[in-house]
Amino acid sequence: MGFCQQLERASGNEGMAQIVPNCLEMALGTANSDGYAKVITLAKGTHFKIVSVNEAFTRVTGYTQLDVEGKDLRSVLSKGGEGETEDELGARAGTTMHDFDPVAKKGVCAASTNEHFDAKGREFLAFMCSYPLSNLRNEVTHILHVCQE
């Protein structure tokens, strides 16, 4: 943290590194700054429940925060939100789906290109990167998913 504060002072961006890097607060603070569709999910369990989406996600998918909060990210982006299982999604797409488990359990980043569906059932191809967000005990609590259509 001290190193980040030194960097911000040296660059003239005082106040930017007051939040620990790779934490939930940092992800929420930059949610709309770069135009990418971003989703934050919980990292526990087998269903990665949505906690927050940004304006770009709503623009790309047609789903608002109220539409998706508490729902599994994979099922929301499946065929019109019909809730296909991961195996069904992979079989239909002819590929394996984006794997969140290494991100949640091992704290490593993951990236893939997948077929998704928006709220109107329109198919789109998106590149998704998933990043672990941890607490002060270095436990992965949330995952930041950044999508680019």
Side-chain angles (χ1 to χ4, degrees), residues 1 3-5 7-8 13 15-90 92-93 95-149:
M1 179 71 175
F3 178 70
C4 289
Q5 289 173 332
L7 283 176
E8 78 173 5
N13 292 322
M16 289 294 294
Q18 299 302 315
I19 298 174
V20 178
N22 295 334
C23 70
L24 180 61
E25 291 80 11
M26 182 177 150
L28 288 170
T30 62
N32 291 311
S33 63
D34 58 13
Y36 289 111
K38 295 181 183 174
V39 183
I40 297 174
T41 63
L42 293 175
K44 58 184 173 180
T46 56
H47 299 287
F48 298 93
K49 303 218 180 271
I50 296 173
V51 174
S52 176
V53 300
N54 70 353
E55 293 170 12
F57 179 85
T58 299
R59 193 172 47 256
V60 170
T61 66
Y63 292 112
T64 66
Q65 174 77 28
L66 292 174
D67 295 333
V68 298
E69 190 170 346
K71 294 183 180 176
D72 178 66
L73 177 59
R74 288 181 219 167
S75 66
V76 167
L77 294 176
S78 69
K79 196 167 188 168
E82 293 174 8
E84 295 173 285
T85 67
E86 185 176 344
D87 291 337
E88 290 169 334
L89 286 166
R92 182 174 45 74
T95 62
T96 56
M97 294 308 295
H98 190 73
D99 190 5
F100 300 144
D101 288 334
V103 184
K105 295 177 181 167
K106 297 179 183 174
V108 297
C109 299
S112 66
T113 302
N114 293 292
E115 172 186 274
H116 297 298
F117 292 86
D118 67 11
K120 295 180 180 177
R122 179 186 68 92
E123 183 179 358
F124 66 97
L125 197 61
F127 178 70
M128 181 184 288
C129 292
S130 297
Y131 304 94
L133 301 174
S134 55
N135 59 19
L136 292 174
R137 293 183 297 279
N138 207 28
E139 302 163 330
V140 177
T141 58
H142 295 79
I143 302 173
L144 170 64
H145 310 275
V146 180
C147 302
Q148 183 175 7
E149 187 176 15

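Position 1 is the first residue of the sequence; numbering continues from there.
Across all non-hydrogen atoms, the minimal contact from M128 to C147 is CE-SG, 3.4 Å. The heavy-atom pair separating F48 from A43 by the smallest distance is CE2-O, 3.9 Å. Annotation for A111 and C129: closest pair CB-SG, 3.9 Å, computed over non-hydrogen atoms. The nearest pair of heavy atoms linking G107 to P132 is O-CG, 3.3 Å. In terms of heavy atoms, A56 sits closest to Y36 at CB-O, 3.4 Å.
Sorted by first and then second residue, the salt bridge (charged side-chain N to carboxylate O under 4.0 Å, His left out) pairs with a member in residues 128-140 read R137-E139; sequence neighbours excluded.
With hydrogens and angles ignored, the 3.5 Å screen pairs no side-chain donor or acceptor of E115 with any backbone N or O of S78. Between the N54 side chain and the K38 main chain, a donor and an acceptor come within less than 3.5 Å of each other. Not a single donor-acceptor pair under 3.5 Å links the side chain of T41 to the backbone N or O of K49.
Distance NE2/H142 to OG/S134: 11.5 Å, rounded to 0.5 Å. For the atom pair I143 CD1 and F100 CZ, the distance stands at 7.0 Å (nearest 0.5 Å). Atoms CG and OG1, on L42 and T141 in that order, are 8.0 Å from each other to the nearest 0.5 Å. If you take CZ on F57 and CD1 on I50, they are separated by 5.0 Å, rounding to the nearest 0.5 Å. Here the NZ-NE2 distance, from K71 to H47, works out to 14.0 Å after rounding to the nearest 0.5 Å. Once rounded to the nearest 0.5 Å, the distance linking SG of C109 with CG of L144 reads 9.5 Å.
Residues F117 and L77 fail the side-chain proximity criterion, which asks for heavy atoms closer than 4.5 Å. The shortest distance between side-chain heavy atoms of D118 and V60 does not fall below 4.5 Å. Using a 4.5 Å heavy-atom threshold, the side chains of V140 and V103 count as separate.
Evaluation of the side chain to side chain donor-acceptor pair (under 3.5 Å) rule for S130 yields H98, H145 as partners, not counting sequence neighbours. For F124, the ring-ring contact (aromatic ring centres under 6.0 Å, His included) partners are H116, not counting sequence neighbours.
Put simply, the residue from I40, V68, T64, D67 that forms a side-chain contact (heavy atoms from CB on, under 4.5 Å) with V53 is V68.
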